[in-house]
Undergrad: 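Questions regarding the structure given below will be posed in turn.
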Amino acid sequence: MRSFLSGLMAGGAAAALLATTATATDWPAPQPLNTYGHTGLLEMPSARMMQDGEFALTVAQGPHAFRTALSFQVFPWLEAAFRYSRIDSYFLPSEGDKDLLDRSFSLKLHLVEESEYIPAISLGFQDLIGTGIYGGEYIVASKAFGDFDVTLGLGWGRLGSAGTFENPFSLISDRFKDRPRFDPGNDKGGRPLFNSIFRGENVALFGGVVWQTPIDGLQAIVEYSGDKYIDESERGVFTPESQFNFGLAYRFDTLLEASASYLYGNTFSFRLTVRFDPTTEMMKVFDKPPIPPSVRPEDQRPRTAVRGVPGKDVPVVDLTGLRGIRYASASSEWSLTDYAAAGNALVAQAADAPASNSMQDIMTSGRWYDVPAIREQIIGGLKNLANDQSLGLQAIDLKANYVSVYYENDRYVRETDAIHRMLRVLTTLPPSVEYFYLTSMVEGYPSTEVLVSRTAYERAVQQFAATDDLLEYVRIAPGGMDIPADAVRFDDNYPKFDWSITPQPRTLVFDPDEPFRFGLAIKAEATVRFGDGWMVQGAVSGDLIDTVKNPEPGKSVLPHVRTDFRLYRDEGQYGLESLIVQKTGKLSPETFYQVKAGYIEDMFGGVGGEVVWRPQGKDWALGADLYYLKQRDFNRQLGFRDYDVVTGHVSLYWQNVGWRGLNVNLHVGRYLAGDYGATIEITRKFDSGIEIGAFATLTDVPFEDFGEGSFDKGLIIRVPFGWLAPFNTKYETSTYLSSLVRDGGQRLYDVNPLWNELRDTSEAEIRRTWPLDVTPGL
């Protein structure tokens with residue numbers, strides 16, 4: 001303990017001395033990732049973080065080990081990494097004489113921001129879920145001094161195996177001296193290791209320096225490691241000769257980074273990292289820009305006489321009625337359509353000008369609506385402008401003072417992109433049209449209605465050159481049950497046929513028998529819509545590349561609902577992926593339903609449906625689904641196997657949970673193997689449309705019956721093609737990247753999950769992305 005306190009005092013004195021001679025500067029370049037996938041030195045972590053939202057893929061050759069890591073800056077204060085590692089010849093001959101393939105998960109929390117005299121401080125948990133072989137906890141501080149970034153940390157577990165001090169927590173209780181160790185003969189891995197946190201007989205100091213050299217992008221690194229590689233030494237895999245490591249890291253651009261290092265006095269190491277920034281996206285140079293918004297002159301805006309001036313009352317907005325916005329004072333005694341602010345007063349014109357037969361007066365007063373030729377010409381022009389903007393206009397209900405448009409967005413990742421473009425199109429309407437109603441359509445039915453006052457929109461454009469502040473003057477409500485009968489419909493000829501041919505990656509990683517398998521299939525899909533929400537959809541696929549070798553049935557003690565995927569990949573190399581009849585509709589303005597029957601996915605067919613209730617003004621929705629399913633033949637033709645099951649879940653969909661873009665889905669019910677339990681999905685969706693997160697499922701299947709991994713868990717990655725493409729498109733790839741394929745906790749791979757179709761048009765998502773106006777033209 002005395003030596004521990006002495007070390008802390010010495011470190012504090014050194015930091016204080018340095019602080020008097022140098023001040024913190026902005027770090028000239030992002031710090032590299034270490035071989036474990038966290039921002040750090042070479043093998044040790046630092047207190048630094050990646051950029052908010054940054055996603056990175058790292059491959060590294062360590063001491064007799066190969067590591068791959070997926071890293072994600074979940075929040076500015078939370079960095080996460082999921083690793084897959086191979087330790088060469090880890091098992092003894094009596095244990096099988098083979099390499100250890102290890103999966104692990106770790107977190108780093110940023111506790112203190114760096115200031116002039118205070119270093120950045122972070123707290124980390126390595127191998128929090130896994131075997132515990134790489135398990136370790138640490139607290140670490142980093143401070144920048146010009147071109148140098150200095151790190152000093154204290155590690156437990158693996159990071160404390162160099163044994164600098166006795167574990168200070170052992171003064172609280174002797175149980176902190178005992179740290180559980182991985183038993184390769186009995187441990188299945190994959191379980192939370194909370195009983196190991198801050199335990200172990202010893203702790204160790206670690207640290208180092210990163211120097212930004214005069215060469216742009218090149219950093220020199222020296223570190224002292226707290227890892228003694230005890231497990232590897234005991235098994236004869238690797239023994240360090242020194243705790244000092246040296247290396248160079250070079251960042252080629254914002255995307256690619258590499259390092260070379262000499263570790264532990266006897267090992268050369270290489271690392272390659274590919275970084276992605278989901279907060280940015282490629283410019284859409286091949287799309288037509290949005291049209292500039294038109295603003296009516298003051299004399300063409302409708303005015304309403306008022307009884308007086310509200311005086312000291314503060315003007316507020318009261319959204320009332322189905323077809324109108326009332327602007328009123330705080331006392332609610334004043335009603336006017338348009339106003340101008342003059343100090344604390346509202347000023348409005350007291351009377352309308354005498355009527356005239358000029359075209360301007362006809363358009364301003366709304367008398368144009370009584371002239372069919374003018375009305376048809378206006379509707380035709382509006383349709384052409386909307387089509388030119390790829391807005392999928394389905395119907396228009398045009399009146400003298402308001403317009404309702406019904407559109408289906410099949411082009412833009414963000415629904416608000418379509419809304420902002422449509423608002424600009426609507427500003428070309430005659431001046432008498434004061435209210436805009438924009439209704440998004442999902443599978444032929446109104447989803448969400450957005451009401452915008454034209455005057456408020458024009459004021460936002462004139463005063464702020466943006467529509468950020470307009471949101472408080474916008475009403476968002478559930479769409480109606482159907483398009484009104486008197487609306488003018490476009491493209492209403494059914495049946496409608498659509499088709500596509502797309503590549504389909506079939507990648508399998510982290511399997512213990514073969515860590516990486518890659519496949520590429522070609523998928524041909526066709527859809528026929530018959531109106532009233534009816535459709536028939538089918539898809540066939542065939543393998544172009546497949547690295548699955550010697551397929552065998554799964555070895556699970558549970559019904560083989562997923563582990564026989566190898567047989568589907570072999571015998572069903574070319575086959576029917578799906579063929580369903582589906583009906584989508586509405587039970588109420590806030591409630592949608594979807595029923596379907598047929599070959600729903602590669603492995604199962606049957607009949608069932610889903611209901612989603614999305615209440616107005618809430619950032620959550622509730623859903624329920626129920627299916628009767630039979631397992632399909634391995635050849636993916638029309639036959640079925642003997643296994644059948646009833647499966648269903650009750651779901652909570654919660655958007656923007658405490659953080660912009662953070663979504664939580666919770667599913668509780670019965671799974672394909674007949675087990676009962678719950679799945680939680682936590683993702684962060686960025687403005688670009690990229691969504692990254694994780695999921696975990698716990699059911700009543702014991703860990704021993706589940707098999708290696710203990711329970712189902714993994715990553716969720718959704719990437720819209722438009723993120724990289726120079727044009728807008730809603731096509732995306734969606735991957736649930738699980739550490740292992742097992743039978744417990746498995747759900748149906750639904751072709752068209754209803755919530756995925758509804759969530760982009762939800763009020764919560766529209767409000768989140770509203771500030772992202774399509775700025776060109778303002």
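As the structure is a prediction and not an experimental result, all values here were calculated from the model. Positions are given from 1, in the same order as the sequence printed here.
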Undergrad: Can you list the residues that meet the salt bridge (charged side-chain N to carboxylate O under 4.0 Å, His left out) rule with Asp687, with sequence neighbours excluded?
TA: Arg660, Arg768
Undergrad: For Lys108, check salt bridge (charged side-chain N to carboxylate O under 4.0 Å, His left out) against everything at least two apart and list the hits.
TA: Glu79
Undergrad: Do any N or O atoms from the side chain of Glu257 and from the backbone of Leu33 form a donor-acceptor pair under 3.5 angstrom?
TA: yes
Undergrad: If we only count heavy atoms from C-beta on, is the Ile87 to Tyr134 side-chain gap below 4.5 Å?
TA: yes
Undergrad: Examine Arg199 relative to Phe169 and say whether NZ or CZ is less than 6.0 Å from the centre of the six-membered ring and inside a 45° cone about the ring axis.
TA: no
Undergrad: Are Thr273 and Arg275 close enough that a side-chain donor and a side-chain acceptor fall under 3.5 Å?
TA: no
Undergrad: List the steps, then state whether side-chain hydrogen bond (donor to acceptor under 3.5 Å, both in side chains) holds for Thr151 with Ser46.
TA: CA-CA 6 Å; Thr151 290; Ser46 70; 4.6 Å; no
Undergrad: Do Tyr224 and Phe206 have ring centroids that are under 6.0 Å from one another?
TA: no
Undergrad: State the CD-OG1 distance between Glu43 and Thr35, to the nearest 0.5 angstrom.
TA: 3.5 Å
Undergrad: Got more than 12 heavy atoms from elsewhere within 6.0 Å of CD1, Ile118?
TA: no
Undergrad: For Leu248, enumerate each residue passing the side chain to side chain contact (heavy atoms under 4.5 Å, CB included) test, keeping only those at least two apart in sequence or located in another chain.
TA: Leu218, Ala220
Undergrad: Under a 3.5 Å threshold, yes or no: a donor from one side chain and an acceptor from the other, between Gln51 and Asp277?
TA: no
Undergrad: Do Asp760 side-chain atoms and Glu765 backbone N/O form a donor-acceptor pair below 3.5 Å?
TA: no
Undergrad: Salt-bridge test for Asp712 and Arg747: reply yes if a basic N is under 4.0 Å from a carboxylate O, no otherwise.
TA: no
Undergrad: For a side-chain contact (heavy atoms from CB on, under 4.5 Å) with Glu691, tell me which candidate from Asn663, Ile717, Val719 qualifies.
TA: Asn663
